[in-house]
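Numbering of ligands and ligand atoms starts at 1, following listing order.
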Amino acid sequence: MLGLMQSQQLLISTLIDFAERHHGEGEVVSRRVEGDIHRTTYKEIAVRARKVAHALDGLNLAFSDRVATLAWNGYRHLELYFGVSGSGRVLHTLNPRLHPDQIAWIANHAEDQVLCFDMTFLPIIKAVYSRCTTVKHWIALCDADKLPADTGIPGLQSYEAWMGKQPEQYTWPEFDENSASSMCYTSGTTGNPKAALYSHRSTILHAFSGALPDALNMSARDSVLPVVPMFHVNAWGLPYSAAMTGAKLVFPGPAMDGKSIFELIESEKVSFAAGVPTVWQMMLAHMQSANLKFSTLKRTVIGGSACPPAMITAFNDVYGVEVLHAWGMTEMSPLGTVCTLKNKHLPLSPEDKMKVRLKQGRGIYGVDMKIVDDAGKELPWDGKAYGDLLVKGPWIISEYFKGEGGSPLVDGWFPTGDVATIDPDGYMQITDRSKDVIKSGGEWISSIDVENIAMAHPAVAMAACIGMKHPKWDERPIIAVVKKPGSEVSREELLAFYEGKTAKWQVPDDVVFVDAIPLGGTGKMQKSKLRELLKDYRLPSL
Ligand code: AMP
């Protein structure tokens, strides 16, 4: 017997329809690339998202065609979030921090048809447009009079000229909620990047669960600042959860420095902010040096890499802000766990509460977790045993776009590549990464990519890249190098060798010459041993 409830597909268009009807006056505030502060409402965003849908129809895009963005967090990007997915196309958020070669490769792999970019990124577009063979339409996210005449990019139009004159009314198409809505590439550890392809259903369910009180606790009374970029896993789903709850949205645009972020928090009465540790480190340093205090910020979700204890303490004890430590992945939309206390923890001493808060947290509804040993046997939730962390749930990938890399699942579970413990209360703590990828400023650096460039130098016999702790960037790569017998290369020559081969921030901070790199039984580099050998090493910048 079937239930007798109305059947309505869970579509992203319903979010902006809801926000318009129930929170039409809800504010969306953006610091723009132009430098000014722009103010609009959900009502206006909804109207302009419908104009985007019309404009896309006008380009004769098919259902599921990819529309790429290369953009900061801002209202135009938000309009594209709803207009692209709502009209049945797939929003592909490109990461501008990647090297132009990687961007071109990804745009071609995704078969992007349209590419919408902030003017900040015009130099990247100029570098890649001739190589992006599938892109037919280039849209600059600016007013018509801000478009330079001589870009050389064929058919380049301004966003405002492209969508501005379209009709305000549009009937969102109804289709299967399992249809693809958006995609995001993850650089992973080996080979080419792979894309997570989200669906309307997965996005809505993730937004529901992410907004719950023991997750991000979002409501119509919140003013939300997603510092986490909209080009990285949909800004942790915040644009969707905000539309679902009617929360005010505040976008930082390109200004990620501590001073700009602090000013925005104060001027827009932000109650809830989200970002990676690096961003908060810069803001706390600014606040400390200028002796500033928050007047409205209540809580901040910190994830992407492990949140240092000093940061939790500073937010909590000095500024009265609750830190929600969270963990997730591109492949998980991204929310997996959020660290909120249970009733039993409330009477604990500050030190004991801190021990809980340091963990990555409890699985939110919809995410099931387990840890397993090398043989795949499930390990106990005792807070001591650690093993490979596997997850399953409706917003976790079943496979990568175009089946890249084969099936990633093991008996229906997705192996996260993280190693973790889970305690009897269900709090998960990451102890290590099973892969050796380096996290710098919230972004991945593939150690293999860094090694491959060094190994291409004629004087290098072997190279191993490892991450070194850095107070600002979390980690910075260094490269340990074994020279070929009889060959010579200096530190400076090798670092110069990286120029033009990878993005600047992916170039290692230092070269350490060693006699040998420890190898395991099967000839694989043993980076744990290398780290041990270099335990007294200090980065040149520290
Ligand atoms: P990404 O797909 O780029 O979002 O990266 C996901 C990976 O970042 C995870 O598999 C973890 O290794 C790492 N990560 C994310 N959040 C945390 C956290 N709170 N603590 C430690 N590592 C984290």
Side-chain angles (χ1 to χ4, degrees), residues 93-95 97-98 102 106 182-190 193-198 206 210 215-216 226-238 274-281 300-309 311-312 315 323-340 356-364 367 369 371 386-391 395-397 400-401 405 408 413-422 427-447 467 469 473-475 506:
T93 49
L94 283 160
N95 184 343
R97 294 197 182 129
L98 298 178
Q102 291 168 308
I106 288 173
S182 55
M183 71 197 306
C184 183
Y185 278 72
T186 177
S187 31
T189 49
T190 50
K194 299 195 275 289
L197 187 63
Y198 312 110
H206 177 265
L216 307 184
V227 185
V228 54
M230 289 167 83
F231 58 72
H232 191 89
V233 217
N234 304 325
W236 299 352
L238 289 171
V276 296
T278 314
V279 165
W280 300 135
Q281 207 120 36
T300 174
V301 56
I302 303 183
S305 50
C307 181
M311 185 171 284
I312 302 185
F315 267 115
V323 169
L324 305 173
H325 194 192
W327 165 87
M329 306 179 72
T330 307
E331 288 89 338
M332 300 174 67
S333 300
L335 288 177
T337 62
V338 182
C339 196
T340 54
V356 182
R357 289 196 177 282
L358 272 179
K359 300 191 174 190
Q360 275 73 9
R362 290 182 278 130
I364 59 174
V367 175
M369 300 186 289
I371 43 174
Y386 59 89
D388 290 322
L389 178 64
L390 283 80
V391 289
W395 53 83
I396 294 163
I397 62 159
Y400 290 97
F401 180 53
W413 291 78
F414 176 72
T416 63
D418 289 322
V419 177
T421 60
I422 305 178
Y427 288 77
M428 184 275 287
Q429 183 159 31
I430 305 272
T431 57
D432 205 353
R433 286 178 214 135
S434 52
K435 301 165 190 159
D436 292 303
V437 48
I438 293 148
K439 264 288 173 83
S440 180
E443 296 288 329
W444 286 116
I445 298 177
S446 159
S447 55
K469 285 272 167 249
W473 301 113
D474 190 25
E475 286 183 327
Q506 294 179 342

Does [Y] offer a backbone N or O that forms a donor-acceptor pair with the side chain of [X] under 3.5 Å?
| X | Y | result |
| --- | --- | --- |
| T186 | T330 | no |
| T416 | L390 | no |
| Y400 | L197 | no |
| T93 | C184 | no |

What atoms of ligand 1 come closer than 4.0 angstrom to any heavy atom of [X]?
| X | answer |
| --- | --- |
| Q360 | 18 (C), 19 (N), 20 (N), 21 (C) |
| W327 | 9 (C), 11 (C), 14 (N), 15 (C), 16 (N), 17 (C), 23 (C) |
| T330 | 1 (P), 2 (O), 3 (O), 4 (O) |
| H232 | 1 (P), 3 (O), 4 (O) |

Test item: C307 and H325 side chains (from C-beta on) under 4.5 Å apart, heavy atoms: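 Side-chain contact under 4.5 Å: yes.
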Test item, C307 contacting ligand 1 (heavy atom, 4.0 angstrom):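 In this structure, C307 fails to qualify as a contact of ligand 1 - no heavy atom is under 4.0 Å.
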Whether M332 lies under 4.0 Å from ligand 1, heavy atom: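 The answer is no, since M332 has no heavy atom less than 4.0 Å from ligand 1.
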Heavy-atom pairs closer than 4.0 Å: do any link ligand 1 to the side chain of [X], the backbone, both, or neither?
| X | answer |
| --- | --- |
| D418 | side chain |
| M329 | both |
| A326 | backbone |

Q429-Y386 side chain donor-acceptor pair, cut-off 3.5 Å: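 Y386 and Q429 do not have a side-chain donor-acceptor pair below 3.5 Å.
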Minimum-distance pair of heavy atoms, taken over all atoms of S440 and I445: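 The answer is CB-CD1, 3.7 Å.
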Shortest non-hydrogen contact from W236 toward H206: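 For W236 versus H206, the nearest heavy atoms are O-CE1, 3.6 Å.
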Nitrogen or oxygen atoms of G303 and ligand 1 under 3.5 Å apart: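 G303 vs ligand 1: no N/O contact under 3.5 Å.
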Ligand 1 N/O within reach of I302 N/O, cut-off under 3.5 Å: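 Min N/O separation from ligand 1 is not below 3.5 Å for I302.
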Identity of the nearest option to atom 16 (N) of ligand 1, non-hydrogen atoms only, from G304, G442, C184: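 Among G304, G442, C184, the closest heavy atom to atom 16 (N) of ligand 1 belongs to G304.
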